K.L.:
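First the structure, then my questions, so here it is.
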Amino acid sequence: MKASMVAITGVGETEYVRASQNSLMHMLAEASRKAITDSGLKISDIDGVIGNRNNHSTDDLCFNLGITQQVFTAVTDVAGGTATTGAALQLAQLAIDAGLAKYILIPYGISCSAPGGPYMFHGREPLKGDLEMPVGYYGQPSYFAAMTNRYRYEYGLTDEELASVALTHRAWATLNPDAQKNQPMDYDEYLKSPMISTPLRAADCCLMTDGAGAYIVTSTERARDLPHATVTVAGLGIGTNPWPQSMVLTQNPNLLNLPGRKSAADAYKMADMSPDDLDLAQIYDCFSISAILQSEMLGLCEKGQGAKFYHAGHGMPGGKMPINTSGGHMSGGYVPGINLLIEAVRQLRGDRGTAQVPDAKVCAVAGLGGNSHSTTILTRS
Amino acid sequence: MGIPVFPPRFDTDLLKPFYEGLEKGELRMSACSTCGEFHWYPPEILHCHPEAKIDWRTISPEGVIYSFTTVTRSLLPGDHRDEVPFTVILVESDDVPNARIPSIFMAREGQEAECGMRVRLSPVQAGEHILPAFEAID
């Protein structure tokens with residue numbers, strides 16, 4: 001992808017809670033209104049909306065927001081973090097560069113408390129119904145637990161190293177009053193967390209969250225006229241592998257080979273940067289193993305060293321590479337990808353109070369999405 | 001150790017020959033009826049020969065564990081608290097590397113699954129239906 005001239009100018013979030021009284025549409029609309037206000041715009045300024053295949057359609061969303069003007073619309077056809085932190089920005093850049101829209105709204109929400117729970121849509125897959133559910137291989141924790149055991153077999157992984165991911169993200173969450181879980185947690189507390197699927201405890205898993213986030217994308221030129229410091233999309237890469245969602249977590253020849261190296265290489269190339277240029281990172285931590293693997297793919301450390309990188313404290317407050325500075329998905333809230341991107345924007349604006357990384361100018365956002373992966377590099381101009 | 005009880009859903013008949021094989025103590029895998037290439041999980045369309053059918057071939061009942069996890073909290077729909085813990089293994093038959101069969105590990109006393117462990121098919125009944133299961137080869 002060619003060098004981008006787009007910026008993120010507004011962000012908004014609902015509260016992140018275990019079970020909200022509000023519908024998904026209510027949460028999407030609330031986050032969207034906040035993002036529009038934060039960007040100094042009005043509802044009538046929005047001329048583009050990018051949704052996701054797992055959320056409400058853009059026409060429903062526009063109707064509930066009172067957007068009556070003609071808008072450019074698109075839907076990201078990937079899952080999770082790739083959709084909200086990569087593919088949506090790629091579509092926004094295309095639309096803005098082509099002159100199809102000036103101010104694009106990108107919302108995403110989740111309702112883990114909805115009937116059927118967060119695994120219901122995976123359960124609809126016929127192959128899972130015939131081959132995986134009968135042997136109890138069901139629910140994301142089990143899939144990522146098997147990945148963790150394979151990682152341990154190939155590279156070595158102590159219990160303390162595994163725990164260090166949860167402890168790092170929780171340390172950041174204690175600095176974030178809006179985090180869903182922000183009580184301090186040490187290794188003894190971690191060991192009290194119930195085992196879900198060995199070796200993953202509840203503390204190694206993302207939270208169950210009801211909530212939504214949204215952001216506004218415009219050209220860097222227009223962004224200069226808006227209230228906040230300009231946060232530019234300097235680099236963006238997307239990688240995929242050739243397995244559908246229904247198969248990728250069992251049949252990928254190397255289960256640890258997420259397509260993150262390709263996305264990172266493309267993002268660094270587009271930004272003309274290297275991992276040495278990063279001040280901090282936000283990493284899609286659906287499970288501790290996902291964060292370990294993506295820290296390696298981002299180039300923060302060598303292959304097989306991600307858990308040791310965490311265990312050395314490098315991602316902690318005061319560490320050399322702060323990671324998931326709002327608490328991430330494991331302690332902050334699980335609104336796939338989008339709350340990580342919003343945190344990146346706030347850090348680059350210098351708005352994070354006690355959790356602020358000093359002089360943060362470059363932040364990578366790593367977004368896993370099943371069989372896809374995005375790396376996005378944001379900079380403060 | 002427990003056994004999960006959650007019958008195959010069989011939205012279609014696609015996977016029935018796999019379970020019929022287990023009833024006979026056989027491990028079967030889906031292959032292209034024209035060229036014989038294995039396709040696992042069985043796809044709706046065989047991209048090598050779109051006009052071909054799926055042919056179920058009996059493969060070696062021995063293989064290795066690619067990875068595993070012991071489920072201590074079942075996330076299956078419904079109440080399955082009485083069925084945990086059980087250990088799920090991803091098994092690669094010696095005949096078809098990289099094609100993984102989610103299965104149950106039948107542990108002997110004190111035995112734990114490991115990556116790379118050699119195993120042999122040993123199907124197990126779970127209520128009315130049969131499940132793919134393997135035990136360690138001594």
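Everything quoted here is computed from the prediction, not taken from an experiment. Proteins get letters first, then strands, A, B, ... in listed order; numbering begins at 1 in each.
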K.L.:
A:G139, A:A145, A:P194, A:G129: which one forms the most heavy-atom pairs within less than 4.5 Å of chain B?
P.N.:
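Result: the option with the highest number of such pairs is A:G129.
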K.L.:
Among A:S142, A:P141, A:A146, which residue forms the greatest number of heavy-atom pairs with chain B at distances under 4.5 Å?
P.N.:
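Highest number of pairs under 4.5 Å: A:A146.
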K.L.:
Contact part of A:Y137 toward chain B, heavy-atom cut-off under 4.5 Å: side chain, backbone, both or neither?
P.N.:
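When you check distances to chain B, atoms from both the backbone and side chain of A:Y137 fall under 4.5 Å.
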K.L.:
So that I know where these two stand, are B:F10 and B:Y19 an aromatic pair - ring centroids less than 6.0 Å apart?
P.N.:
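Distance test on ring centres: under 6.0 Å, yes.
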K.L.:
Name the option with the most non-hydrogen atom pairs under 4.5 Å to chain A; the candidates are B:F6, B:F86, B:Y41.
P.N.:
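Looking at each of B:F6, B:F86, B:Y41 in turn, B:Y41 comes out on top.
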K.L.:
Output all residues satisfying salt bridge (Lys or Arg N to Asp or Glu O under 4.0 Å) with B:R9, sequence neighbours left out; order by chain, then residue number.
P.N.:
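Counting only residues at least two positions away or on another chain, B:R9 forms a salt bridge (Lys or Arg N to Asp or Glu O under 4.0 Å) with B:D11.
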K.L.:
To the nearest 0.5 Å, what is the distance between CG (B:L75) and CE (A:M133)?
P.N.:
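Answer for the CG-CE pair, B:L75 versus A:M133, is 10.0 Å.
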K.L.:
Tell me, do A:D204 and A:L162 make a side-chain contact under 4.5 Å, heavy atoms counted?
P.N.:
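Heavy-atom side-chain distance check passes, below 4.5 Å.
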K.L.:
Taking side chain as everything from C-beta outward and backbone as N, CA, C, O, which of these in A:N254 sits under 4.5 Å from a heavy atom of chain B? Side chain, backbone, both or neither.
P.N.:
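For A:N254, backbone and side chain are both near chain B.
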K.L.:
With a 4.5 angstrom heavy-atom cut-off, which part of B:T70 approaches chain A: side chain, backbone, both or neither?
P.N.:
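Both parts, heavy atoms under 4.5 Å.
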K.L.:
Are the side chain of A:Q294 and the backbone of A:S290 linked by a donor-acceptor contact shorter than 3.5 Å?
P.N.:
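The answer is yes, because a donor-acceptor pair under 3.5 Å joins these two groups.
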K.L.:
Which of the residues A:M195, A:R152, A:Q251, A:Q140 is involved in the greatest number of heavy-atom pairs with chain B at under 4.5 angstrom?
P.N.:
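Heavy-atom pair counts peak at A:Q251.
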K.L.:
Under the criterion salt bridge (charged side-chain N to carboxylate O under 4.0 Å, His left out), which of A:E296, A:E161, A:E160, A:E302 is the partner of A:K308?
P.N.:
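The option that passes is A:E161.
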K.L.:
Side chain, backbone, both or neither: which part of B:P97 has an atom under 4.5 Å from a heavy atom of chain A?
P.N.:
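B:P97 has no heavy atom closer than 4.5 Å to chain A.
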K.L.:
Tell me which of these, B:C115, B:P4, B:A126, has more heavy-atom pairs under 4.5 Å with chain A than the rest.
P.N.:
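Ranked by contacts with chain A, first place is B:C115.
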K.L.:
Which bit of A:P244 comes within less than 4.5 Å of chain B, counting heavy atoms only: side chain, backbone, both or neither?
P.N.:
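For A:P244, neither part sits under 4.5 Å from chain B.
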K.L.:
Who wins among A:I196, A:N252, A:L127, A:T148 for the most heavy-atom pairs under 4.5 Å with chain B?
P.N.:
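It is A:I196.
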K.L.:
Residues two or more places apart in sequence or in another chain: which of them pass side chain to side chain donor-acceptor pair (under 3.5 Å) with A:S20?
P.N.:
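If we apply the side chain to side chain donor-acceptor pair (under 3.5 Å) test to A:S20, skipping adjacent residues, there are no hits.
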K.L.:
At a 4.5 Å cut-off on heavy atoms, which part of A:L255 comes close to chain B: side chain, backbone, both, or neither?
P.N.:
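Both backbone and side chain of A:L255 come within 4.5 Å of chain B.
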K.L.:
Are B:H39 and B:H47 close enough that their ring centers fall under 6.0 Å?
P.N.:
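Distance test on ring centres: under 6.0 Å, yes.
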K.L.:
What residue, out of B:V71, B:L76, B:I104, has the most heavy-atom pairs lying under 4.5 Å from chain A?
P.N.:
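Going by pairs under 4.5 Å, I would pick B:L76.
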K.L.:
Which atoms of A:S246 are under 4.5 Å from chain B, going by heavy atoms: the side chain, the backbone, both sets, or neither?
P.N.:
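For A:S246, the contact with chain B is made by the backbone alone.
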K.L.:
Take the angle between the ring planes of A:Y190 and A:Y187 and call it parallel below 30°, perpendicular above 60°, tilted in between.
P.N.:
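Aromatic pair A:Y190/A:Y187 classed parallel.
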K.L.:
Quick one: does B:E83's side chain have a donor or acceptor within less than 3.5 Å of a partner on B:G2's backbone?
P.N.:
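No: the side chain of B:E83 does not pair with the backbone of B:G2.
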K.L.:
Between B:P85 and chain A, which part of the residue has a heavy atom less than 4.5 Å away: side chain, backbone, both or neither?
P.N.:
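Looking at B:P85, nothing touches chain A.
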